[in-house]
Every structure is written in C-alpha cells, then in structure tokens.
Colleague: 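Below are the structure tokens for one structure; questions will follow.
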Amino acid sequence: MALTAVKGFNDILPDESGRWQHIEQMARRVFELNGFAEIRVPVLEKTELFSRSIGDATDIVEKEMYTFTDKGENSVTLRPEGTAGVMRAFIEHKLYAADPVAKLYYLGPMFRYERPQKGRYRQFHQIGAEITGVHDPLADAQVLNMLTAFFREIGLTEPTLQINSLGCPECRPAYRTALRNFLDERMALLCDDCKRRSATNPLRTLDCKVPGCVEATAGAPSVLDHLCSSCDDHFSSVRRYLDLSATPYSINARMVRGLDYYTRTTFEMVTGLLGAQSAVAAGGRYDGLISQLGGPAIPGIGFAMGLERVALLLGSQNFSSCPDLFIATMGVGERDVAFRLMDGLLKSGIRVEMDYEGKSLKSQMRRADKLKSRYSVVIGENEVASGRATFKRMADGAQADTALTVAEIRACVMKSEQ
RNA sequence: GUGGCUGUGGUGAAGCGGUCAACACGUGCGACUGUGACUCGCAUAUUCGAGGGUUCGAUACCCUCCAGCCACCCCA
C-alpha cells in the first residue's frame with residue numbers, strides 16, 4: 001500500500017455517497033421547512049474560540065483538538081464541533097442587529113483527535129441547527145420536533161429521544177454541592193475515575209458505566225429536583241409542548257453533556273445499535289454562550305447530528321440511480337450516430353450510457369446489464385440504413401420498434417416509465 | 001493516551017514448517033452463429049502488512065515496527 005489516508009480520516013466511496021446525499025437532502029428539507037437557513041463557516045478557527053466556548057477542562061479541549069501553529073504564529077484549530085464557529089459568525093457579522101432570532105443550520109466535517117472506533121472517526125461529519133434569541137421553551141420543543149421529524153422522514157425508528165435539564169447558573173451550584181456531598185459518603189465504592197470526577201466534575205459520575213459506580217450512584221440526588229423555579233417551569237413547558245405535538249421522549253435525569261456551555265434543556269437521540277456510540281444526535285440550550293463569546297446576552301439552543309452514525313443506522317440501502325438507456329453499437333461505423341443520439345438525449349434529460357472502447361456487442365450488453373440500465377438499443381448497419389431500431393426493456397426483454405431520433409427514443413423512455 | 005483482537009488477490013476467505021497458495025464471489029474475454037441476465041470455457045496473488053531472526057526451507061514459529069478493528073476514556 002503506497003499511500004493511505006490519515007488515520008481516522010475516511011473516504012466516502014461512490015457506493016455509499018448516495019446514502020450520504022440522501023441523508024443530507026432529507027435534513028436540508030426538514031430544516032428548511034422549519035425555517036432554518038444554511039450558514040457556511042470555516043473549518044479552521046482560532047484556538048481560543050473553542051477553549052472559551054466548549055470549556056477549558058473538557059476532554060475535547062484538553063486532549064482531542066487538532067491544534068496547530070500557522071506560519072503567522074497563530075494558534076489555530078480544526079473545529080471539533082459546529083456551534084462555536086456559527087455563534088462566532090453570528091456575533092462577528094452582528095446578525096442579531098437585524099433580528100436577534102436566527103434559525104441557522106450547517107453541515108460539514110468536524111475533527112477530533114481520538115482513537116477511532118465504530119461510529120467514531122477523527123474527521124467526522126455533522127449536521128447541526130441552532131435557534132438564537134428565543135428564551136421560550138417553544139424553541140426547545142420545535143428543535144426537538146424537527147429532530148424527531150428528520151428521523152421519521154428518513155425512515156428510522158431506532159434512535160429515541162431523551163431529555164433532561166441541567167439548570168442554570170442560579171441553581172446548578174446547589175445541585176453540584178448536593179451531589180458532591182452524596183458522593184463523598186460513598187467515595188469508597190467509586191472507581192478511580194469517579195473519585196477524581198467527584199471533585200472536578202461530579203455530574204460525570206452519573207454517566208459512569210462501571211457497575212460499582214452505577215450501583216453506588218443509583219440513589220443520587222436528581223438535577224430535576226434541584227431546579228430553580230424558572231428552570232423547573234421551563235422544563236415542564238418543554239415537556240408540555242412535546243406532549244402537545246405527540247413527540248415521544250423519555251426523561252433521563254442522569255444525562256450529562258460534554259460541553260460546558262449547556263444550560264437548562266439538554267437532549268440526545270440514542271440508539272442501542274451502534275455499540276459504544278449510542279448518541280446519534282445531541283444538543284441543548286446555551287443561554288450564556290453568545291455573551292461569553294463577546295456578543296449580546298442572547299440565548300440559543302441547538303443540536304448536532306453525527307452523519308456517520310446516521311449512515312450506519314441506515315445500513316447498506318442503495319440510493320444510487322441507474323441509466324435510463326444504454327446504446328450499443330455493432331462497429332465503429334455506428335458510433336457517430338450513437339454519439340449524436342446520446343448527446344441529444346442527455347440534453348433532453350435522459351440518462352444515457354454507451355460504450356467508450358469499441359468492445360464487442362456481448363461486452364456492451366453485459367455492461368448495460370451491470371449498470372442496471374433500464375433500456376437498451378443496438379445500432380448496426382441495418383439500423384443506420386433504415387433509421388429504425390429495437391428498443392429493449394432490460395428487466396423482461398420486451399422489445400419495441402422505434403425511430404432512431406432523439407424525440408422518439410425519448411418518448412419510448414418516458415412512456416415506459418409509467 | 002490505555003487494553004484486547006486481527007493482518008493472505010478487487011472482495012469473502014482456506015492453508016498453521018516443504019502446496020502449482022484451495023474454494024467462492026467479483027472482474028475481463030470468449031462460446032451459445034447482431035443483444036445482457038442462466039449455463040459453459042479461459043484469464044485473473046512469482047506471493048501471503050513491513051523489516052529482521054530461527055531453520056536445509058517459512059504465508060505459517062520468534063522479535064520489532066506499521067496498519068485496521070473493537071473496547072476503555074470521552075463523545076456526534
């Protein structure tokens with residue numbers, strides 16, 4: 001193997017690109033229906049953007065970022081997630097001045113220096129959506145409904161919605177203290193990681209998969225019991241809206257997020273089909289992020305969905321299209337006629353293939369079959385002389401006579417389409 | 001960053017010290033006398049991830065490295 005791709009960076013080959021396009025098209029359709037407009041931002045940003053938004057002490061910032069120093073001695077980073085860059089653009093271009101309420105979506109590659117495994121790569125792709133400027137839980141509910149709609153539209157029933165509330169800067173400290181006290185009493189039962197976490201980030205212990213920790217934290221205090229009244233109201237409203245629209249969900253009070261900027265509502269679309277990677281999409285509210293990045297005090301909520309994971313769930317369904325017609329020629333003498341026909345048909349929107357290499361008729365027909373062409377037509381001396389040819393339906397071999405003109409062949413293809 | 005497993009052609013794989021490196025699929029060409037799919041024939045790895053070592057001999061045994069996968073951590 002002479003030269004290979006960088007570890008954790010994958011090629012999306014022709015046999016799977018159709019599936020990717022399908023996913024992207026469905027997402028765009030659903031998001032645009034909901035009033036979201038695409039925003040395209042760079043894949044490279046100043047490192048500071050991420051350390052300030054995602055959080056200095058998070059794993060993403062501590063060990064997973066692709067950070068480089070460029071030739072101008074600036075520290076730059078390949079974006080590990082999309083929200084930070086979108087919010088930077090929102091602030092930089094003062095999008096809020098014209099309208100603080102913005103509904104934006106983005107799609108593209110993200111980069112995280114992690115050990116690759118199933119459903120996790122160093123370059124991976126996300127489609128995400130954000131709503132700024134709305135405090136009302138209506139926005140939370142719309143985002144969740146939109147996410148649910150996407151999975152319904154694409155035909156997946158598997159990922160299910162889990163929601164939680166992380167409270168706000170008002171009520172979260174009290175909860176952290178309560179949780180830490182609880183953990184202190186059971187310190188001996190916790191795994192080493194959790195012992196460390198109980199001091200640095202006690203919420204994380206709730207997410208630990210070590211059986212001893214699961215058991216030890218079973219009776220841990222719930223965030224939901226410690227929400228301040230406005231957070232509590234907010235969360236009940238989100239649930240009420242979800243109920244109003246009959247959106248299925250479950251509450252997971254132990255759900256934790258990896259990014260520091262989340263407040264109040266957080267959620268995940270989870271599946272049991274992807275091994276250790278259960279989250280297909282995740283997001284939440286980030287009421288403090290925009291001001292934290294130097295913008296006005298505008299709230300936000302959004303999510304990101306992992307395309308590799310969605311593609312994995314879709315399996316190997318085939319979304320590629322096939323040629324309408326294959327034109328075979330008996331000899332090189334007929335290729336001019338065939339080429340002119342192909343050109344005319346292509347210009348009229350019919351997908352045509354023909355032989356490029358002067359192969360035998362048998363080889364050409366085999367190729368027509370392999371490409372899954374719907375129809376074929378053979379042009380030889382007789383056809384050129386008479387101006388008529390046999391139009392053959394490949395599926396069952398049914399044949400019909402046609403004139404060798406763009407209009408008539410086109411009519412044959414269109415007619416047989418019904 | 002840590003651990004486990006694996007590395008044979010385009011693919012799925014047999015082979016476990018001496019084989020023409022099996023078989024299947026795929027691909028290409030051809031036969032069935034201007035038409036694919038079925039059937040049949042032929043072709044398709046001087047080479048077994050790379051580099052060392054043991055041996056008369058290594059795809060097979062040992063070492064090192066590299067790569068992939070899965071898991072941990074964490075996450076989409």
Side-chain angles (χ1 to χ4, degrees), chain A residues 1-8 10 13 15 54 57-65 79-83 107-128 147 159 191-194 196-197 201 204 207-210 255-259 267-271 274-284 302-313 326-331 334 355 357 359-383 389-399:
Chain A
M1 201 65 73
L3 218 41
T4 57
V6 173
K7 186 197 205 56
N10 297 121
L13 300 174
D15 65 332
I54 298 170
T58 59
D59 274 31
I60 293 179
V61 171
E62 273 187 351
K63 52 183 200 190
E64 296 172 3
M65 294 208 303
R79 62 181 183 189
E81 59 103 33
T83 302
L107 105 205
M110 306 293 161
F111 306 85
R112 255 120 99 160
Y113 195 89
E114 297 179 271
R115 203 63 172 266
Q117 88 195 55
K118 186 184 180 71
R120 166 196 290 174
Y121 309 98
R122 288 185 175 179
Q123 174 178 315
F124 61 103
H125 298 78
Q126 292 187 329
I127 295 182
L147 198 48
C191 71
D192 290 344
D193 282 331
C194 283
R196 179 175 50 76
R197 289 183 187 122
N201 193 347
R204 283 245 163 265
D207 205 31
C208 185
K209 288 158 198 125
V210 175
M255 189 171 73
V256 176
R257 310 277 44 246
L259 287 63
F267 53 88
E268 284 184 3
M269 296 289 305
V270 299
T271 175
L274 295 180
Q277 271 60 246
S278 58
V280 179
F303 66 82
M305 168 161 80
L307 292 193
E308 281 77 2
R309 294 180 184 180
V310 176
L312 243 25
L313 287 178
F326 189 97
I327 303 176
T329 52
M330 289 306 297
E334 291 81 37
D355 168 57
E357 300 169 273
K359 297 236 172 123
S360 69
L361 180 62
K362 176 173 199 72
S363 288
Q364 295 183 55
M365 290 306 292
R366 275 188 181 155
R367 183 163 177 77
D369 188 56
K370 190 171 69 172
L371 294 175
K372 296 190 169 61
S373 180
R374 296 168 52 231
Y375 303 99
S376 67
V377 80
V378 176
I379 302 178
E381 286 177 23
N382 302 342
E383 285 77 8
T390 302
F391 183 80
K392 177 173 180 177
R393 190 202 282 155
M394 298 297 279
D396 58 6
Q399 304 194 342

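Just so you know, these numbers come straight off a predicted model, no measurement behind them. Reminder, nothing fancy here: chain letters follow the sequence lines and each chain counts from 1.
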Colleague: The criterion is side chain to side chain contact (heavy atoms under 4.5 Å, CB included); which residues satisfy it with T390(A), sequence neighbours excluded?
Modeller: Q399(A)
Colleague: Using a 4.0 Å heavy-atom cut-off, does G283(A) contact any base of the nucleic acid, only the sugar-phosphate backbone, or nothing at all?
Modeller: nothing
Colleague: Grab the CG-P distance between L371(A) and rA37(B) for me, whole Å please.
Modeller: 14 Å
Colleague: Considering all heavy atoms of both residues, which atom of A368(A) and which atom of M394(A) are nearest to each other, and what is their separation?
Modeller: CB-CE, 4.0 Å
Colleague: Expressed in whole Å, how much space separates the C1' atoms belonging to rG1(B) and rC75(B)?
Modeller: 16 Å
Colleague: May I ask you to say what G128(A) touches in the nucleic acid, namely base, sugar-phosphate or nothing, with a heavy-atom cut-off under 4.0 Å?
Modeller: nothing
Colleague: Looking at residues at least two apart in the chain, or sitting in another chain, which of them share a side chain to side chain contact (heavy atoms under 4.5 Å, CB included) with T58(A)?
Modeller: I54(A), I60(A), V61(A), D260(A)
Colleague: What interatomic distance, in whole Å, is found between C1' of rG68(B) and the corresponding atom of rA22(B)?
Modeller: 26 Å
Colleague: Taking the side chain of M365(A) as its heavy atoms from C-beta onward, which of rA76(B), rA71(B), rG36(B) lies nearest to it?
Modeller: rG36(B)
Colleague: So, is K7(A) close to the rG68(B) phosphate, meaning a side-chain N or O under 4.0 Å from OP1 or OP2?
Modeller: yes
Colleague: Let me know the distance between CD1 of I54(A) and C1' of rC74(B), rounded to the nearest Å.
Modeller: 13 Å
Colleague: If you measure from the P atom in rG7(B) to the same atom in rA50(B), how many Å do you get, rounded?
Modeller: 14 Å
Colleague: List the residues meeting side chain to side chain donor-acceptor pair (under 3.5 Å) with D396(A), not counting sequence neighbours, and say none if there are none.
Modeller: R393(A)
Colleague: Hey, is the side chain of R204(A) poking within less than 4.0 Å of OP1 or OP2 on rC73(B), counting only N and O atoms?
Modeller: no
Colleague: Tell me whether the centres of the aromatic rings in Y375(A) and F326(A) are closer together than 6.0 Å.
Modeller: no
Colleague: The criterion is side chain to side chain donor-acceptor pair (under 3.5 Å); which residues satisfy it with D59(A), sequence neighbours excluded?
Modeller: K63(A)
Colleague: What does E81(A) touch in the nucleic acid at a heavy-atom separation under 4.0 angstrom: a base, only the sugar-phosphate, or nothing?
Modeller: nothing
Colleague: So, taking the atom named OG in S373(A) and the one named CE in M365(A), what distance separates them when rounded to the nearest 0.5 Å?
Modeller: 8.5 Å
Colleague: Whole angstrom is fine here: how far is it from CG in L13(A) over to P in rG10(B)?
Modeller: 15 Å
Colleague: Taking rU11(B) as the reference, what is the distance to rU27(B) when you measure between their P atoms (whole Å, please)?
Modeller: 14 Å
Colleague: Nearest-nucleotide wise, let me know which of G306(A) and T390(A) is further upstream toward the 5' end of RNA chain B.
Modeller: T390(A)
Colleague: Go through the steps to decide whether E268(A) and R257(A) satisfy the test salt bridge (Lys or Arg N to Asp or Glu O under 4.0 Å), and finish with yes or no.
Modeller: CA-CA 9 Å; E268(A) 284 184 3; R257(A) 310 277 44 246; 3.0 Å; yes
Colleague: Return the value, rounded to whole Å, for the distance between atom CD of E114(A) and atom C1' of rC72(B).
Modeller: 12 Å
Colleague: Which value, in whole Å, describes the distance between the C1' atoms of nucleotides rG51(B) and rA14(B)?
Modeller: 27 Å
Colleague: For RNA chain B, what string of dots and brackets results from 5' to 3' when Watson-Crick and G-U pairs need both distances under 3.5 Å, crossing pairs get [ ], and pairs with another strand get |?
Modeller: ((((((((.[[[..)..(....]]]((((((.......))))))....[[[[[..)....]]]]])))))))....
Colleague: Base, sugar-phosphate or nothing for V280(A)? Non-hydrogen atoms, less than 4.0 Å.
Modeller: sugar-phosphate
Colleague: Could you tell me which residues satisfy side chain to side chain donor-acceptor pair (under 3.5 Å) with Q364(A), sequence neighbours excluded, listed by chain and number?
Modeller: none
Colleague: For the P atoms, the ones on rG41(B) and on rG34(B), what distance do you get once it is rounded to whole angstrom?
Modeller: 22 Å
Colleague: Please list, chain by chain and in numerical order, all residues satisfying side chain to side chain donor-acceptor pair (under 3.5 Å) with E308(A), sequence neighbours excluded.
Modeller: H125(A)
Colleague: Reading nucleotides 27-33 of chain B from the 5' end, what letters show protein touch, with B for base, S for backbone sugar-phosphate only, - for no heavy atom under 4.0 Å?
Modeller: SSBBBB-
Colleague: List in chain and number order the residues that pass side chain to side chain contact (heavy atoms under 4.5 Å, CB included) with M330(A), two or more places apart in sequence or in another chain; answer none if no residue qualifies.
Modeller: E334(A), L361(A), V378(A)
Colleague: Can you list the residues that meet the ring pair (Phe, Tyr, Trp, His ring centres under 6.0 Å) rule with F303(A), with sequence neighbours excluded?
Modeller: F31(A)
Colleague: Could you give the distance separating rC62(B) and rU54(B) at their P atoms, to the nearest angstrom?
Modeller: 15 Å
Colleague: Go through the N and O atoms of the side chain of R120(A) and the base of rC74(B), and report whether any donor-acceptor pair is under 3.5 Å.
Modeller: yes
Colleague: Pair S360(A), S363(A) - check side-chain hydrogen bond (donor to acceptor under 3.5 Å, both in side chains), show working.
Modeller: CA-CA 5 Å; S360(A) 69; S363(A) 288; 3.2 Å; yes
Colleague: Give one of base, sugar-phosphate or nothing for Y121(A), where a contact means two heavy atoms less than 4.0 Å apart.
Modeller: base
Colleague: Mind checking I127(A) for me? I need base, sugar-phosphate or nothing, with any heavy atom below 4.0 Å counting as a touch.
Modeller: nothing
Colleague: Whole-Å distance between rC75(B) P and D59(A) CG?
Modeller: 6 Å
Colleague: When you compare rA67(B) with rU8(B), how far apart are their C1' atoms, in angstrom units rounded to a whole number?
Modeller: 15 Å
Colleague: Roughly, in whole Å, what's the span from CD in Q277(A) to C1' in rA76(B)?
Modeller: 9 Å
Colleague: Judged by each residue's nearest nucleotide on RNA chain B, which is more toward the 5′ side, Y113(A) or A398(A)?
Modeller: Y113(A)
Colleague: With a 4.0 Å limit, can you tell me whether Q117(A) has a side-chain N or O closer than that to the phosphate oxygens OP1/OP2 of rC72(B)?
Modeller: yes
Colleague: When we call it a touch if two heavy atoms are under 4.0 Å apart, what does A368(A) touch: a base, just sugar-phosphate, or nothing?
Modeller: nothing
Colleague: Please assess V310(A) against L313(A) for the test side-chain contact (heavy atoms from CB on, under 4.5 Å), listing each intermediate value before the final yes or no.
Modeller: CA-CA 5 Å; V310(A) 176; L313(A) 287 178; 5.6 Å; no
Colleague: Considering only heavy atoms and no angle criterion, is a donor-acceptor pair shorter than 3.5 Å present between the side chain of E383(A) and the base of rG34(B)?
Modeller: yes
Colleague: Please write out each protein N/O paired with an N/O of nucleotides 3-5 of chain B under 3.5 Å, distance rounded to 0.1 Å.
Modeller:
none

Colleague: Looking for any heavy atom pair under 4.0 Å, which part of the strands does A276(A) touch: base, sugar-phosphate only, or nothing?
Modeller: base
Colleague: Please report the distance, rounded to the nearest Å, between CD in E64(A) and C1' in rA76(B).
Modeller: 11 Å
Colleague: Measure NZ/K118(A) against C1'/rC72(B) and give the value in whole Å, please.
Modeller: 17 Å
Colleague: Please list, chain by chain and in numerical order, all residues satisfying side chain to side chain contact (heavy atoms under 4.5 Å, CB included) with R122(A), sequence neighbours excluded.
Modeller: K7(A), F9(A), Y66(A), Y113(A), P116(A)
